[in-house]
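First up is the structure itself, then whatever we jot down about it.
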Amino acid sequence: MARLLVLGPSGRMGAAVLEAAAGVAALEISAVVDRESAAGVGAPAPHAMDVIVGSDLAHAMAHAEVYVDFTSAAGTAAAARAAAARKVAAVIGTTGLDDAAHAAIDALARVAPVVVAANFSLGVNLLLGLARTAARVLPAVDWDAEIAEIHHHHKRDAPSGTALAIARAIAAGREQEYDAVKRHARDGDVGPRPPGEIGVVALRGGGVVGEHTAFFFGPDERIELSHRATSRAIFARGAVRAAAWVAGRPPGRYDMLDVLGL
Ligand code: NAD
């Protein structure tokens, strides 16, 4: 049984992870940590009533074997630094990461196993493989690839990490350098669409958990690969599965395809 630290219990995902972890025999929730100013610090953790929510990251890391992080770029960087000091395994789902967070994750992955995924759902990880296959089969010169994503109005980063992962899967299938062909939204006189471009648009509204469609517009036909998440539980279950899988692995960076054996 691995001792699990869950970050951000006052958040949508942190709460969902605690709920999902509560029923997993391979994991024991050893600590729950949030920002000092967050609601619920000092009180019993949701779905883990015998654990009190704390704010001392270093102390919690000292007693954990693996942690799950759905917080913010700053939260991810701070947690990865604290984990590196103790070689604690990590499952990181935070999106919209900055350079400091990426550097902290890279440093952690040199001393501990780290699963990083923009989306922990089984369906989305299958979609990544399907999008890459479609991109391999459909010539970029004839087939325009565009991605549309929709999320709830609280979401801060755009495009979503999942939309970027799909876009990169398409670029990989076409053997393109993603940064050379990406087009994140369009505004003004942008001219005709160049062949080979990969477009991404982000819609925000209401309580949408997460929807992604990869479009392939061909001559006289069109393919759409869509995924709709209706509950955060799918991400939480995947993250908990990753936590049980990653504890005890060799140091390095892993993704959800490794966890699922795809
Ligand atoms: P949220 O705002 O509801 O919750 C964020 C939580 O993190 C809160 O508890 C907050 O107190 C805590 N936090 C923020 N900054 C912190 C810091 N510096 N130190 C410690 N704790 C900190 O957000 P959410 O909807 O739960 O999403 C969190 C992240 O997870 C986002 O980046 C989101 O895009 C991502 N996400 C990823 C997946 C996936 O499958 N990879 C799925 C859903 C959401």
Side-chain angles (χ1 to χ4, degrees), residues 5-20 31-43 45-48 53-61 64 67-83 90-98 100-102 104-105 114-128 149-166 202 204 206-212 227-243 246 254-257 259-260:
L5 160 62
V6 178
L7 303 181
S10 65
R12 286 170 284 261
M13 278 307 301
V17 167
L18 282 168
E19 187 170 6
V32 179
V33 166
D34 214 325
R35 280 178 300 164
E36 212 166 350
S37 57
V41 172
H47 310 288
V53 178
S55 59
D56 185 342
L57 200 49
H59 181 264
M61 285 291 177
Y67 74 97
V68 175
D69 169 1
F70 290 88
T71 58
S72 62
T76 294
R81 283 188 213 110
V91 173
I92 301 173
T94 308
T95 61
L97 299 176
D98 54 15
H102 282 297
I105 293 171
V114 182
V115 179
V116 185
N119 194 306
F120 279 92
S121 98
L122 174 60
V124 159
N125 284 284
L126 176 61
L127 178 66
L128 293 178
E149 58 102 332
I150 314 175
H151 280 86
H152 55 88
H153 55 211
H154 297 291
K155 186 164 178 64
R156 302 179 68 99
D157 54 312
S160 71
T162 302
L164 294 176
I166 297 168
R204 292 288 174 266
V208 178
V209 173
E211 303 191 1
H212 295 85
H227 179 270
R228 294 195 176 93
T230 51
S231 162
R232 286 178 182 84
I234 59 170
F235 311 124
R237 279 197 298 267
V240 164
R241 183 167 166 174
V246 77
Y254 301 90
D255 62 22
M256 207 44 195
L257 299 179
V259 175
L260 297 171

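In listed order, ligands and their atoms are each counted from 1.
- Formation of a donor-acceptor pair under 3.5 Å by the Glu149 side chain with backbone atoms of Ser160 is found in this model.
- Here's the thing with Lys155: one of its N/O atoms is less than 3.5 angstrom from an N/O atom of ligand 1.
- For atom 28 (C) of ligand 1, the nearest non-hydrogen atom of the protein is Thr71 O, 3.5 Å.
- Remark: side-chain polar atoms of Thr94 are paired, donor with acceptor, to backbone N or O of Thr71 under 3.5 angstrom.
- At most 12 non-hydrogen atoms from other residues, nucleotides or ligands lie less than 6.0 angstrom from NE2 of His59.
- For Gly14, no nitrogen or oxygen atom sits less than 3.5 Å from a nitrogen or oxygen atom of ligand 1, counting backbone and side chain alike.
- Protein heavy atom closest to atom 26 (O) of ligand 1, with residue, atom name and distance, is Met13 N, 2.8 Å.
- Between Phe235 and ligand 1, not a single N/O pair is under 3.5 Å apart.
- Nearest protein heavy-atom neighbour of atom 40 (O) of ligand 1: Phe120 N, 3.0 Å.
- Looking at Leu97 and Ile105, their side chains come closer than 4.5 Å, going by heavy atoms from C-beta outward.
- Residue, atom and distance of the protein heavy atom nearest to atom 4 (O) of ligand 1 are Gly11 CA, 3.1 Å.
- Looking only at protein heavy atoms, the nearest one to atom 20 (C) of ligand 1 is Arg35 CG, 3.5 Å.
- Of the protein's heavy atoms, Ser72 OG, 2.8 Å lies nearest to atom 15 (N) of ligand 1.
- Nearest heavy atom pair, residue Ile234 against residue Ala229, reads CD1-CB, 3.6 Å.
- Using a non-hydrogen distance threshold of 4.0 Å, Gly96 does not register as a contact of ligand 1.
- Across every non-hydrogen atom of Ala31 and Ala60, the tightest pair is CB-CB, 3.9 Å.
- The residue among Thr95, Asp34, Ile234, Thr76 with a heavy atom at the shortest distance from atom 32 (O) of ligand 1 is Thr95.
- Of the polar atoms of Ser10, at least one N or O is found under 3.5 Å from an N or O of ligand 1, judged by distance alone.
- Ligand 1 lies less than 4.0 angstrom from a heavy atom belonging to Thr94.
- Nearest protein heavy-atom contact of atom 2 (O) of ligand 1 is Arg12 NH2, 3.6 Å.
- Close N/O approach between Ala38 and ligand 1 is not found [any backbone or side-chain N/O within under 3.5 Å].
- Considering all non-hydrogen atoms of both residues, Ile166 and His212 come closest at CD1-CB, 3.7 Å.
- Of the residues Leu126, Leu127, Leu128, the one that meets the side chain to side chain contact (heavy atoms under 4.5 Å, CB included) test with His227 is Leu127.
- By the 4.0 Å heavy-atom criterion, Ala78 is excluded from the residues contacting ligand 1.
- A side chain to side chain contact (heavy atoms under 4.5 Å, CB included) with Pro9 holds for exactly one of Asp34, Val41, Val17; it is Asp34.
- Put simply, the side chain of Leu57 does not reach to within 4.5 Å of the side chain of Arg81, judged on heavy atoms.
- In Ala79, neither the side chain nor the backbone holds a heavy atom less than 4.0 Å from any atom of ligand 1.
- Distances from atom 18 (N) of ligand 1 to the heavy atoms of Gly75, Ser55, Gly8 show the closest one on Gly75.
- For Thr162, the side chain to side chain donor-acceptor pair (under 3.5 Å) partners are Asn119, not counting sequence neighbours.
- Ala236 approaches Met13 most closely through the heavy-atom pair N-CE, 3.8 Å.
- The closest protein non-hydrogen atom to atom 38 (C) of ligand 1 is Phe70 CE2, 3.5 Å.
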